[in-house]
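Data block below; observations after.
Order of the sequence lines fixes the chain letters, A, B, ..., with proteins taken first and strands second; residue numbering starts at 1 for each chain.
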There are 2 protein chains.
Amino acid sequence: MQAESSFKVACSNCNLRELCLPIGLSTEEMTQLDGMVATRKKIKQGGHLYSSGDAFTTLYAIRTGFFKTCVVSEDGREQVTGFQMAGEIMGLDGIVSDKHNCNAIALEDAEVCVMPFNHVEDLSRQIPMLQRHVHKIMSREIVRENGVMMLLANMRAEERLAAFLLNLLQRLHARGYSKSELILRMTREEIGSYLGMKLETVSRTFSKFSDEGIIEVKQKNIRILDHEKLKTIFNSSTC
Amino acid sequence: MQAESSFKVACSNCNLRELCLPIGLSTEEMTQLDGMVATRKKIKQGGHLYSSGDAFTTLYAIRTGFFKTCVVSEDGREQVTGFQMAGEIMGLDGIVSDKHNCNAIALEDAEVCVMPFNHVEDLSRQIPMLQRHVHKIMSREIVRENGVMMLLANMRAEERLAAFLLNLLQRLHARGYSKSELILRMTREEIGSYLGMKLETVSRTFSKFSDEGIIEVKQKNIRILDHEKLKTIFNSSTC
DNA sequence: AGCAGCATTTGATTTGCATCAAGAAGTCAT
DNA sequence: ATGACTTCTTGATGCAAATCAAATGCTGCT
């Protein structure tokens with residue numbers, strides 16, 4: 001087994017590149033891009049990729065593993081702001097103040113590509129398609145958070161959990177996983193924090209879905225029995 | 001009175017430039033930047049600057065007036081995602097899919113600078129400080145939304161309203177307005193939507209703050225009598 | 001393997017906010 | 001100014017989810 005660091009890190013032959021990178025780059029541009037990732041970094045389950053207050057210098061692309069990000073208020077309340085998986089970019093919150101604004105914690109052993117932000121900016125100036133790509137990634141995060149605001153402000157517990165499951169399924173499916181089965185990497189409490197409900201309510205709602213034959217729950221293993229019904233719950237308002 | 005369009009639009013002598021633009025640009029760079037704003041546009045109260053689904057081509061900087069942005073779910077529920085004032089940038093939600101993702105509606109007669117996004121990108125490639133600035137603006141929006149998520153998921157009605165007032169005051173103060181007085185441009189219902197509560201609860205909470213001598217409420221005019229208490233309410237968890 | 005410590009489930013009770021309702025105050029158009 | 005409409009306030013009641021509580025099921029460690 002060879003040490004990771006002795007491999008040349010290269011986006012151009014990374015199997016995740018269609019998730020991280022713009023499509024349609026020329027071979028030349030692709031080669032340039034290989035300069036974007038400085039190194040890779042492994043994080044053990046429970047480890048912090050970065051913490052609130054840390055100096056911001058780099059973005060991270062997830063190669064393997066699963067993360068949560070969370071902000072902590074002055075009085076100590078923790079809020080999970082997102083769950084991230086392979087191919088997704090982390091660290092954008094740090095750009096505005098040159099300090100990270102949240103904690104990024106691995107929910108399973110993980111590996112990330114370290115992309116110094118000034119490399120990203122330099123290359124963005126040279127490769128317009130990369131520039132656009134970076135903008136799109138940030139815009140996507142803004143739009144995602146708009147959706148979470150809708151969820152938190154307007155939806156009931158069942159709708160929130162249905163939305164959460166459907167979102168995870170869709171993202172996992174884009175990575176080649178089944179549409180009808182998933183393993184939750186986070187606890188009920190973390191799900192609850194993200195969805196603005198208590199862990200007991202998360203558990204009860206899982207049980208309810210299970211009773212109704214919509215899903216099958218075995219601890220962290222969830223099997224989707226009725227995808228359509230899940231969508232109906234998600235879309236249905238109070239009527 | 002001269003028609004607006006006959007004036008040369010110029011960031012270099014705009015009195016809002018320290019809100020919109022990076023600081024420390026050279027005179028030469030400043031001159032380049034004047035190419036960023038194509039035109040200006042006036043929006044009447046209640047008018048849409050853009051709507052969900054519209055093609056995205058430009059960002060907007062607010063010169064005067066006050067806006068709300070809101071997303072509408074499939075089943076018709078509306079969620080206010082933010083309130084924007086002079087110097088703030090709108091339209092970032094459109095970048096990811098080349099379509100706007102929300103409605104931007106003027107809450108009072110307003111004027112905006114129209115900045116075609118490809119101008120912004122072109123100039124960003126030439127002026128690294130502008131590039132960084134654009135990134136910071138998007139990152140700031142991400143961080144703001146993280147804060148709203150915390151508010152919606154974790155806080156009680158009083159804390160939410162206190163947070164809302166303090167945020168408005170702080171932003172107005174940065175624009176030269178009083179720290180102890182403000183005029184709400186939005187209805188109780190719009191505040192409620194943003195804060196995830198019903199208009200009746202917003203009204204009741206205003207009344208409660210008023211009874212406790214923290215603020216004075218005269219319709220849309222709010223006078224802050226006890227700024228410290230407001231902060232205490234905002235920070236206090238359930239204890 | 002066995003123990004300690006989390007994570008999860010489920011039940012009983014409380015509560016903060018939503019909902020329903022009605023009247024008052026303010027605003028706009030003619 | 002007058003009437004119509006919107007916005008706001010306040011009260012009474014109901015409900016979804018929080019809280020409190022306890023038992024059970026996992027997981028990881030030595």
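Comparing the start and finish of the helix from C/dA1-D/dT30 to C/dT30-D/dA1, five pairs each, the helix axis swings through 60°, to the nearest 10 degrees.
A donor-acceptor contact shorter than 3.5 Å is absent between the side chain of B/Gln79 and the backbone of B/Cys70. A donor-acceptor contact shorter than 3.5 Å links the side chain of A/Thr81 to the backbone of A/Thr69.
Here B/Ser207 reaches the OP1 or OP2 of D/dT10: one of its side-chain N or O atoms lies under 4.0 Å away. Taking 4.0 angstrom as the limit, A/Lys220 places a side-chain polar atom (N or O) nearer than this to OP1 or OP2 of C/dT8. Close to C/dT8, at under 4.0 Å from its OP1 or OP2, lies no side-chain N or O of A/Ser203. Considering only side-chain N and O atoms, A/Lys198 lies nowhere under 4.0 angstrom from the phosphate OP1 or OP2 of D/dC20. Contact between the side-chain N/O atoms of B/Thr187 and the OP1/OP2 oxygens of D/dT7 is not found at any separation under 4.0 Å.
Straight-line distance from the CD atom of A/Glu190 to the C1' atom of C/dC6: 12 Å, rounded to whole Å. Atom CG of B/Asn221 and atom P of C/dA25 are 17 Å apart (whole Å). In this structure, CD of B/Glu200 is placed 13 Å from C1' of D/dA12, rounded to the nearest angstrom. Remark: P of C/dA7 and CE of A/Met186 are 14 Å apart, rounded to the nearest angstrom. Going from atom CE of A/Met155 over to atom P of D/dA17 covers 13 Å, rounded to whole Å. In this structure, CG of A/Leu161 is placed 13 Å from P of C/dT8, rounded to the nearest angstrom. Distance CG (A/Leu152) to P (D/dA16): 19 Å, rounded to an integer number of Å. Separating the CG atom of A/Asn154 from the P atom of C/dT19 is a distance of 10 Å, rounded to the nearest angstrom.
One finds a salt bridge joining B/Glu88 and B/Arg175 here, because a Lys/Arg side-chain nitrogen approaches an Asp/Glu carboxylate oxygen to under 4.0 Å. Ion pairing between a basic and an acidic side chain is recognised when a charged N comes within 4.0 Å of a carboxylate O; A/Arg77 and B/Glu159 show such pairing. For B/Arg223 and B/Glu181, the salt-bridge test passes: some basic side-chain N is under 4.0 Å from an acidic carboxylate O.
Ring geometry for B/Phe164 against B/Phe83 counts as perpendicular: the plane angle is over 60°, on a 0 to 90° scale with 30° as the lower cut. Using the six-membered ring where Trp is involved, A/His100 and A/Phe56 have ring planes that are perpendicular, over 60° apart on the 30 and 60° scheme.
In the set D/dC8, C/dT8, D/dG11, the nucleotide with an atom closest to the side chain of B/Arg204 is D/dG11. For A/Arg156, counting side-chain heavy atoms from C-beta on, the closest listed nucleotide (D/dA16, C/dT8, C/dA21) is D/dA16. The B/Arg188 side chain lies nearest to D/dC8 when the options are D/dC8, C/dA21, C/dA18.
Residue A/Gly192 is classed as having no contact, given no heavy-atom separation below 4.0 Å to the nucleic acid.
Across the interface with DNA chain C, nearest-nucleotide mapping of B/Gln45 and B/Thr201 shows B/Thr201 to be the residue nearer the 5′ end. Annotation: of the two residues near DNA chain D, A/Arg160 and A/Gln219, the 5′-most nearest-nucleotide partner is A/Arg160.
In this structure, A/Val217 and A/Ile222 approach most closely via the heavy-atom pair CG1-CD1, 4.0 Å.
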